[in-house]
**Student:** 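The structure under discussion is supplied below as structure tokens; questions concerning it will follow.
All heavy atoms count here, side chains included; hydrogens, waters and symmetry mates do not.
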Amino acid sequence: MDTVFEEHRRLLLGLGYRLLGSMWDAEDVVQEAFLRWMNTDRSRIREPRSFLVTVVTRLALDQLRSARVTRQAYTGPWLPEPVDEQEFGPLETVELRDTLSYATLHLMERLSPPERAVFVLREAFELPYHEIAEILDHPVATCRQWYRRAAKYVERDAKPFVPHPSDHAELLTRFLAAARGGDMTALTDMLAEDVVAYNDGGGRVRAALRPIVGRDHVLAFVAGLMSRYPLQEAHLTWANGEPAVWTVIGRQRQLVTFDVREGRIHAIYGVLNPDKLTRIRTDEYAGGAPGRGCHAPMP
């Protein structure tokens with residue numbers, strides 16, 4: 001085991017995941033970076049962290065460019081792989097948490113690879129522009145322009161008010177109770193008029209093949225789902241640093257995350273593809289942080 005590389009492994013995994021939206025791909029990139037690290041003359045490396053961040057970023061960009069083609073041919077909407085954020089170490093800043101949130105990762109899918117790289121390196125890891133320019137091998141002015149474009153796009157739909165985890169959990173608890181009880185009035189009050197629901201089955205399981213757009217259509221989808229299939233399990237859990245919902249409906253396992261802004265749900269992300277459900281917690285949510293605090297009330 002190389003102690004220097006292991007010291008940075010979790011940081012590199014977090015970087016790779018934010019760039020790729022997939023832990024499988026992030027682990028591949030980090031493993032390739034490890035091989036390059038082991039085959040490099042370390043006496044010529046003054047800053048191991050900078051060297052490793054550069055290698056992982058460049059490898060991830062290469063992979064992201066090819067992955068975008070594959071994802072365009074994906075069966076139904078492609079959603080990021082949800083994760084247990086503890087794999088990346090403590091989320092010590094607001095920026096680290098925000099760039100890991102599921103809604104932000106989904107938005108970043110629409111950025112170009114270099115825009116996404118600049119945004120992640122600047123927002124999550126607070127690198128100065130001259131270091132980002134060296135990593136991407138582009139002028140500082142170009143990197144600044146990429147960042148402005150990326151930040152403008154992400155912030156266009158960003159949360160104007162980020163809910164406290166307990167408030168987020170309380171809203172999701174009410175959502176579960178209303179869905180389970182068929183309370184359409186309560187559900188209507190919780191959903192934004194332009195809410196969108198995405199379902200990622202990846203062709204592995206049955207799922208909606210197109211986003212469901214608008215409150216009326218989402219309400220009809222939820223009502224139809226609850227009337228046709230038995231709800232065998234449903235509780236709050238934790239994914240990507242935020243409360244989420246774990247369900248088993250008609251024997252189909254699913255993790256559901258939500259974009260919550262100012263007390264309303266603006267997007268619902270349902271991950272049903274079993275390949276993407278291997279890195280998450282399925283135990284009940286504990287308020288404040290995974291594994292700590294008191295349990296939120298279940299409906």
Side-chain angles (χ1 to χ4, degrees), residues 17 20-25 63-83 101-113 116 153-154 156-157 172 175-176 178-180 182 184 187-188 190-234 237 239-240 242 244-260 264-280 282:
Y17 174 74
L20 295 163
S22 163
M23 273 297 285
W24 295 105
D25 292 340
Q63 190 151 328
L64 184 59
R65 291 184 180 103
S66 60
R68 284 165 68 89
V69 176
T70 304
R71 292 171 189 179
Q72 287 171 0
Y74 192 78
T75 302
W78 187 93
L79 293 177
E81 178 188 358
V83 295
S101 81
Y102 205 84
T104 301
L105 284 168
H106 185 252
L107 281 173
M108 287 197 293
E109 281 296 310
R110 305 176 203 176
L111 302 176
S112 70
R116 184 167 182 164
Y153 180 79
V154 173
R156 181 185 68 188
D157 291 324
L172 301 195
F175 179 88
L176 271 179
R180 179 178 278 162
M184 292 297 108
L187 284 174
T188 300
M190 283 181 262
L191 298 177
E193 189 171 347
D194 59 351
V195 63
V196 182
Y198 304 87
N199 291 271
D200 180 346
R204 297 285 311 281
V205 299
R206 238 179 124 180
L209 296 178
R210 292 182 178 83
I212 302 159
V213 181
R215 183 162 54 199
D216 291 344
H217 291 114
V218 171
L219 286 170
F221 176 78
V222 172
L225 193 66
M226 300 303 292
S227 66
R228 278 187 288 174
Y229 302 102
L231 180 62
Q232 295 157 302
E233 185 179 346
T237 185
N240 289 69
E242 296 177 328
V245 172
W246 173 256
T247 67
V248 181
I249 302 178
R251 290 186 288 185
Q252 177 59 59
R253 301 159 69 244
Q254 178 178 196
L255 182 86
V256 188
T257 62
F258 299 78
D259 180 8
V260 176
R264 287 185 183 270
I265 296 169
H266 286 255
I268 302 171
Y269 309 100
V271 181
L272 298 90
N273 185 341
D275 293 339
K276 295 184 178 182
L277 296 176
T278 62
R279 312 299 185 101
I280 54 170
T282 59

**Student:** Looking only at heavy atoms, what is the nearest atom pair of Val196 and Pro211, with distance?
**Tutor:** CG1-CB, 3.8 Å
**Student:** Rounded to the nearest 0.5 Å, how far does CH2 of Trp246 lie from OG1 of Thr282?
**Tutor:** 6.0 Å
**Student:** Is there a side-chain contact between Phe258 and Glu242 in this structure, where contact means two heavy atoms from C-beta onward sitting under 4.5 Å apart?
**Tutor:** no
**Student:** Side-chain contact test, heavy atoms from C-beta onward, threshold under 4.5 Å: evaluate it for Arg71 versus Leu64 and give yes or no.
**Tutor:** yes
**Student:** Kindly give the heavy-atom pair with the smallest separation between Thr188 and Arg264, and that separation in Å.
**Tutor:** O-NH1, 3.9 Å
**Student:** Shortest non-hydrogen contact from Pro82 to Ile280?
**Tutor:** O-CG2, 3.3 Å
**Student:** So, Asp200 side chain and Leu79 main chain: donor-acceptor pair closer than 3.5 Å or not?
**Tutor:** yes
**Student:** Find out whether Phe175 and Leu191 are in side-chain contact, i.e. whether some heavy atom of one side chain is under 4.5 Å from a heavy atom of the other.
**Tutor:** yes
**Student:** So Ile212 and Asn199, do their side chains get closer than 4.5 Å, heavy atoms only?
**Tutor:** yes
**Student:** Should His106 and Tyr198 count as side-chain neighbours, where that means a heavy-atom distance under 4.5 Å?
**Tutor:** yes
**Student:** Test side chain to side chain contact (heavy atoms under 4.5 Å, CB included) on Thr237 and Leu255; report intermediate values, then the result.
**Tutor:** CA-CA 9 Å; Thr237 185; Leu255 182 86; 3.8 Å; yes
**Student:** When rounded to the nearest 0.5 angstrom, what distance separates CG in Leu105 from CG in Leu20?
**Tutor:** 10.5 Å
**Student:** Look only at the side chain of Gln232 and the backbone of Arg251, and say whether a donor-acceptor pair between them is shorter than 3.5 Å.
**Tutor:** yes
**Student:** Any side-chain heavy-atom pair from Asn240 and Tyr17 closer than 4.5 angstrom?
**Tutor:** yes
**Student:** Rounded to the nearest 0.5 Å, what's the gap from CG on Asp216 to CD on Glu193? Could you check?
**Tutor:** 8.0 Å
**Student:** Just by distance, do the side chain of Tyr102 and the backbone of Val256 share a donor-acceptor pair under 3.5 Å?
**Tutor:** no
**Student:** Any chance you could measure Thr70, atom OG1, to Gln63, atom CD, to the nearest 0.5 Å?
**Tutor:** 9.5 Å
**Student:** Do you know the tightest heavy-atom contact between Val271 and Pro80?
**Tutor:** CG2-O, 4.3 Å
**Student:** Could you measure the distance from the CG atom of Leu176 to the OG1 atom of Thr247? Nearest 0.5 Å is fine.
**Tutor:** 8.5 Å
**Student:** Side-chain contact, heavy-atom cut-off 4.5 Å: Met23 with Lys276?
**Tutor:** no
**Student:** For a side chain to side chain contact (heavy atoms under 4.5 Å, CB included) check, start with the C-alpha distance between Val248 and Arg253, then their side-chain angles and the critical distance, and finish with the verdict.
**Tutor:** CA-CA 4 Å; Val248 181; Arg253 301 159 69 244; 4.2 Å; yes
**Student:** Do Arg68 and Trp78 meet the cation-pi criteria used here (NZ or CZ under 6.0 Å from the six-membered ring centre, within 45° of the axis)?
**Tutor:** no
**Student:** Would you say that more than 12 heavy atoms from the other residues, nucleotides or ligands in this model lie under 6.0 Å from the CZ of Arg65, or not?
**Tutor:** yes
**Student:** Please tell me if the side chains of Arg204 and Leu272 come closer than 4.5 Å, counting only heavy atoms from C-beta onward.
**Tutor:** no
